[in-house]
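Heads up, the thing below is written out as structure tokens.
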Number of protein chains: 2
Amino acid sequence: MLRGDITAAIRNAVMNELAEVGYGRLSIEAVARRAGVGKTAIYRRWSNKLEMVLEIVSAVAERSVPMPDTGSFAGDLQLLMFIVSKALQHQIASQIIPDLMAEAARNPKIAETLQRALRTHQQAVGEKIVGQAVERGELPAGTNADLAVDLMLGPLYWRLAVSRTPIDDDYLENLSTAVLGALREPRPAH
Amino acid sequence: MLRGDITAAIRNAVMNELAEVGYGRLSIEAVARRAGVGKTAIYRRWSNKLEMVLEIVSAVAERSVPMPDTGSFAGDLQLLMFIVSKALQHQIASQIIPDLMAEAARNPKIAETLQRALRTHQQAVGEKIVGQAVERGELPAGTNADLAVDLMLGPLYWRLAVSRTPIDDDYLENLSTAVLGALREPRPAH
DNA sequence: GAGCGCCGGAACGCAACCGTTGCGTCCTGG
DNA sequence: CCAGGACGCAACGGTTGCGTTCCGGCGCTC
């Protein structure tokens with residue numbers, strides 16, 4: 001019976017409020033104001049702030065990050081980095097994600113939701129790419145997939161969400177070359 | 001004239017409150033309660049919440065991260081990663097840093113302070129380590145210091161502050177080996 | 001031992017937000 | 001045409017926090 005356009009307006013308002021003030025300062029009243037909606041309409045849909053935010057955020061997060069499969073590890077890597085960098089450069093995402101990550105450190109429910117919505121998927125993507133590369137002989141058999149994921153996503157996240165230095169195509173190419181070098185068979189010291 | 005022990009108690013309380021509830025929810029009243037101090041004592045020292053937090057946090061941040069100089073790039077790298085990983089595993093730091101990073105995305109004053117207190121110093125450390133390595137011939141001459149910093153700190157930050165997966169010595173060694181591989185002269189594709 | 005300044009504590013007026021309720025309107029299906 | 005439900009709006013009492021003010025007490029210094 002709930003009107004869909006209203007629900008959509010609320011979802012939208014929550015995302016924007018989250019980006020602007022963060023979870024800690026998010027208020028139901030501000031969401032209602034922003035959505036042009038009565039508080040009643042919100043409480044009719046969710047029982048409190050936490051539940052509302054979690055439901056909305058995971059709904060958004062679930063439709064993202066496709067699985068690259070270009071036929072070569074170098075290609076997969078470049079594509080993945082391109083996608084992730086685009087996502088992290090998105091105005092709203094780049095505000096919300098670090099905020100919720102920080103919040104997750106003190107709220108187990110947020111942590112769990114984020115884990116399910118982001119980490120798990122990213123890990124699966126990483127493992128698949130690395131697994132394919134190993135099968136093709138592009139990476140050594142013992143390659144640590146966890147380490148690979150950290151190497152692929154860590155620098156991007158650091159750069160875009162933490163130090164917030166702009167990124168260009170050159171940088172992205174250098175980065176993927178470097179990561180490629182990092183994961184290849186270790187060479188003797190000289 | 002202000003009593004030093006009281007100032008110290010307030011500083012301490014602010015750090016702990018920041019870790020527990022984050023900047024967004026930090027309240028002067030809670031800080032006073034926690035420090036066992038009247039609000040008056042706080043307002044006598046700082047004029048508002050933002051100024052207080054910035055002054056205290058930068059004071060703490062300024063005394064950290066020594067400059068490694070072990071004589072070899074591999075040694076410097078391992079030492080730096082060890083220090084940073086210890087710092088990021090510190091209970092309070094690992095809560096406060098991501099929180100302020102997220103807050104910095106929407107508050108320019110916080111961003112500026114963090115930039116000065118953390119980024120600038122880290123960048124200097126990275127540049128020095130890379131510069132020394134290039135002089136010794138351990139890294140190619142054109143090595144991009146920015147990229148190197150991202151590769152060194154990004155995965156650690158990602159792992160410890162974002163995905164919050166525990167780290168052991170083995171992982172740290174694998175990571176530094178990988179970063180070493182990433183920064184060496186690029187090899188031809190096969 | 002008088003005075004000064006910091007101290008904690010209590011209370012102030014003001015604002016924001018919580019979650020709930022009641023009102024009158026609008027839309028829809030029977 | 002009518003019942004019912006979702007809507008917005010406004011108001012409720014209660015809580016929390018702001019930044020300020022005033023108080024009495026305590027420990028300096030002169």
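Note: hydrogens, waters and symmetry copies are ignored here, and every other heavy atom, side chains too, is used. Below, chains carry the letters A, B, ... as their sequence lines are ordered, and counting in each starts from 1.
Whole-Å rounding puts the A/Asn48 CG to C/dT20 C1' distance at 15 Å. A/Ile28 places its CD1 atom 6 Å from the P atom of C/dC18, with the value rounded to the nearest Å. Taking atom CD1 on B/Ile42 and atom P on C/dG9, their separation rounds to 12 Å, with Å as the unit. When rounded to the nearest whole Å, the span between OH of B/Tyr23 and C1' of D/dG17 equals 14 Å. Across the protein-nucleic acid pair, B/Glu29 atom CD and C/dA15 atom P stand 17 Å apart, rounded to whole Å. The distance between atom CD1 of A/Ile6 and atom C1' of D/dC9, rounded to the nearest whole Å, is 13 Å. Atom pair A/Tyr43:OH and C/dG22:P shows a separation of 17 Å (rounding to whole Å applied). A/Leu50 places its CG atom 11 Å from the P atom of C/dG19, with the value rounded to the nearest Å.
With salt bridges taken as basic N to acidic carboxylate O contacts below 4.0 Å, one links A/Glu55 and A/Arg11. Salt-bridge check for B/Arg106 with A/Glu20: failed, with every basic side-chain N at 4.0 Å or more from each acidic carboxylate O.
Between A/Leu175 and B/Asp150, the closest side-chain pair of non-hydrogen atoms is not below 4.5 Å.
At C/dC7, one or more side-chain N or O atoms of B/Arg45 fall inside 4.0 Å of OP1 or OP2 (strictly under the cut-off). For C/dC17, the OP1/OP2 oxygens have no side-chain nitrogen or oxygen of A/Arg25 closer than 4.0 Å. OP1 or OP2 of D/dC7 sits under 4.0 Å from a side-chain N or O of A/Arg44.
For A/Arg184 and A/Phe73, the positive end is not near the middle of the six-membered ring at less than 6.0 Å and at most 45° from its axis.
Residues B/Ala35 and A/Arg33 each lie close to DNA chain C; by heavy-atom proximity, the contact nearer the 5' end of the strand is made by B/Ala35. Map B/Lys49 and A/Thr7 each onto its nearest nucleotide of DNA chain D; the residue landing nearer the 5' end is A/Thr7.
Residue B/Ser27 places its side chain closer to D/dG17 than to any other of D/dC7, D/dG19, D/dG17.
Put simply, the side chain of A/Thr40 and the base of D/dC9 share a donor and an acceptor less than 3.5 Å apart. With hydrogens and angles ignored, a donor-acceptor pair closer than 3.5 Å exists between the side chain of A/Lys39 and the base of C/dG19.
Atoms CG and CD, on B/Leu100 and B/Gln95 in that order, are 11.5 Å from each other to the nearest 0.5 Å.
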